[in-house]
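Notes for the one structure printed next.
Just the heavy atoms: all of them, side chains too, but no hydrogens, waters or symmetry mates, feed the values below.
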Amino acid sequence: MGPSSTSGGKPLGARVQTVRQLVPRVAALASGRLAAAAFSAVWLLLAARLLDLSDFGDLSIILATTTVIISVSELGFQTALGIHTAEHRHLEMRSLVGSLRRRLPASAVGALLNAALYVVATHDMRWQVPALAAVSILCTPVYATILTSYRSLGLVRADALNEVLSRILVLAMGTVLLLHGGGIIAAVGAYAAADAASAVVVAVRVGRKYVTKDARIPPVDLRLSATLPLALVVIVLTVYNRLDTYLVALFKGNEAAGLYSAAYRFLDALTIPAIAAGALVLSLTMTQGGRERLATLRRLAALAAALGVAVAVSGLFLAPRLLVLLYGKPFAPAGTCAILLLLSAPPSFAAATVLPIVVPFNRARTFVTTTFVLGLNLVCNLFLIPLAGLNGAAIANLIAQLVLCAGIYRLASIQSGRESASGPPSPPAAGGGSPPWSHEGTQPKLREISPGGAATAPSDIPVSSARPRQSAAGKGGLC
């Protein structure tokens, strides 16, 4: 075999081109999200210093429960639309409107559930807190749905700008209100204002430029039988990521939840580049064969894990000092917890990079794997938090992340072996039967079948040169 070939028969130049396409987009999206994380971190530092520890704990809890509710109420509509957009290289108006019409009523129900979860954990009867959180729950679906499909086109600028500008608004508005004695109500109100502004700006500017009306594009399949399996994985992972904060509050009180949340922010912020890479992997690997895709994922996961090792080693020496320096002496008891959380950086980074491409091709097995990890995390937390408090929650997180990373990588290897052995299956006839990826072992490439089950021709437009069709509303937008 010559030097220009891979083990799967693919030219080396194709692998290099994939990396060249990925790196600048990951850099752009990660830069925006890192900047947003920096503004968010500054805001939370100010909130931690301007609020008492009990109110900061309440803020951490309402943020955690709101995140879970937004994920649960998504029901797969946003994910299905993103895949549909990646297949057809256009964000179609009928599909977008249909997705929002189904998602917003679920969000309204979720807002009521969010209020109940908050009261149970905090015993705080200030109705303004869950009411303002409801604004975020209702506004987030609008801009998140549009931006998910926008990223599916291989574009990142508007998403990065929204991340940064919304965090700046939270920082500026929240700081002014807290300095004037606004308390936790003002803090939650700053998030609500930023989410409302994002919904309006993204819908008007990004939607006007990238949403198209084209009757030739089949609408996305929004039946729950098609979308819910996609949502289940996201729901399980979101609950998994926020469960520990909520359980710490239940077992140890809202002040302990505030301490744990402060320590967890280090890991959250440092995982952003891996998440940004994962957000773009689907767009760049959807046309690759099994072996080539697995090789790409191996390279990305290895790089992410190596960065995670560097983070973990640095955390051993710096995390406790940084925690006190940034948040203040009241947060010193969370120093060991921060170290333990950063030890989970290598598997966390690797899993965040690989997971987005594993889900569409191994939907059922991914759900089983993530549900098992969620159960493991729950059991570990229930056992370890009463024994070791914050440190117990951090140890439970480390155990679960190691198992999740191993499971996700195993799923990627299984799918690659099947495609290499048998090749992609033949697409069903137009209008035929079940939605794509509904049966294990018969998952086609994403571009070969529309979500409605109809056969479509793979796009000839390379990802690097894809551009959305202008809508009748004209130009404009953030990009």
Side-chain angles (χ1 to χ4, degrees), residues 33 36-37 39-48 50-51 55-74 78 100 103-119 121-122 124-148 158-159 161-207 238 242 245-246 254 257-258 261 265 268:
R33 292 187 173 179
F39 288 116
S40 182
V42 172
W43 153 245
L44 288 171
L45 292 174
L46 290 172
L50 295 174
L51 295 171
D55 274 353
F56 183 74
D58 289 345
L59 177 62
S60 301
I61 294 166
I62 193 64
L63 293 179
T65 59
T66 300
T67 300
V68 170
I69 292 298
I70 289 173
S71 174
V72 170
S73 62
E74 190 261 334
Q78 176 178 312
L100 291 176
R103 185 175 177 186
L104 288 175
S107 297
V109 175
L112 298 176
L113 177 59
N114 190 48
L117 291 173
Y118 175 74
V119 172
T122 65
D124 180 8
M125 301 307 295
R126 289 172 288 188
W127 62 267
Q128 297 95 329
V129 174
L132 289 168
V135 175
S136 292
I137 292 171
L138 292 171
C139 290
T140 298
V142 177
Y143 69 84
T145 299
I146 295 173
L147 290 177
T148 295
D159 194 0
L161 283 174
N162 178 69
E163 291 274 357
V164 173
L165 295 178
S166 64
R167 297 306 192 281
I168 291 176
L169 178 58
V170 171
L171 172 60
M173 182 177 177
T175 301
V176 171
L177 292 176
L178 288 183
L179 288 174
H180 286 79
I184 186 176
I185 295 174
V188 179
Y191 284 101
D195 286 325
S198 291
V200 173
V201 173
V202 170
V204 173
R205 301 297 300 274
V206 179
T238 305
R242 302 303 174 188
T245 301
Y246 195 78
N254 51 0
S261 177
R265 293 293 172 181
D268 255 353

Where Asn114 and Ala133 come nearest, the two heavy atoms and their spacing: ND2-CB, 3.7 Å
Point-to-point distance, once rounded to the nearest 0.5 Å, from OG of Ser198 to CD1 of Ile146: 11.0 Å
Distance check, rounded to the nearest 0.5 Å: Asp195 atom CG versus Thr66 atom OG1? 9.5 Å
Any side-chain donor near an acceptor of the partner, Tyr118 and Asp124, under 3.5 Å: yes
Could you tell me the separation between the CG atom of Leu45 and the OG atom of Ser40, rounded to the nearest 0.5 Å? 9.5 Å
Quick one: CD on Glu74 to OG1 on Thr238, what's the gap to the nearest 0.5 Å? 9.0 Å
Quick one: does Arg242's side chain get under 4.5 Å of Leu63's, heavy atoms only? no
Can you confirm whether Ser166 sits close enough to Val170 that some side-chain heavy atom of one is under 4.5 Å from a side-chain heavy atom of the other? no
When every non-hydrogen atom of Ala203 is compared with those of Val142, the smallest separation belongs to CB-CG1, 4.2 Å
Check Thr65, Asp58, Ile62 against Thr122 for a side chain to side chain contact (heavy atoms under 4.5 Å, CB included) and give me the one that passes. Asp58
Do Val129 and Ile184 make a side-chain contact, defined as non-hydrogen atoms from C-beta onward lying under 4.5 Å apart? yes
Considering the options Val202, Leu104, Leu100, which one meets the side chain to side chain contact (heavy atoms under 4.5 Å, CB included) requirement together with Thr145? Leu100
Can you give me the closest heavy-atom contact between Ala121 and Tyr246, atom names plus distance? CB-CE1, 3.4 Å
Tell me, do Leu117 and Ile69 make a side-chain contact under 4.5 Å, heavy atoms counted? yes
Value for CG (Leu138) from OG (Ser73), rounded to nearest 0.5 Å, stands at 8.5 Å
Side chain to side chain contact (heavy atoms under 4.5 Å, CB included) for Ile61 and Asn254? Distances and angles first, verdict last. CA-CA 8 Å; Ile61 294 166; Asn254 51 0; 4.1 Å; yes
Locate the shortest heavy-atom distance separating Leu177 from Ala186; write the atom from each residue and the value. CB-CB, 3.4 Å
Can you name the nearest heavy-atom pair linking Gln78 to Ala144, along with the distance? OE1-CB, 3.5 Å
Can you tell which of Leu171, Leu179, Leu51, Leu178 makes a side chain to side chain contact (heavy atoms under 4.5 Å, CB included) with Leu46? Leu171
Quick test of your reading: applying side chain to side chain donor-acceptor pair (under 3.5 Å), list the pairs with at least one residue in residues 167-183, sequence neighbours left out, ordered by first then second residue. Glu163-Arg167
Polar side-chain atom of Ser60 near backbone of Phe56 as donor-acceptor pair, under 3.5 Å: yes
With the side chain counted from C-beta on, respond yes when Tyr143 and Asn162 share a heavy-atom pair under 4.5 Å apart, and no when they do not. yes
For Ile185 and Arg126, which heavy atoms make the closest approach, and how far apart are they? CD1-CD, 4.4 Å
Taking the side chain as every heavy atom from C-beta outward, state whether Leu165 and Phe39 have any atom pair closer than 4.5 Å. no
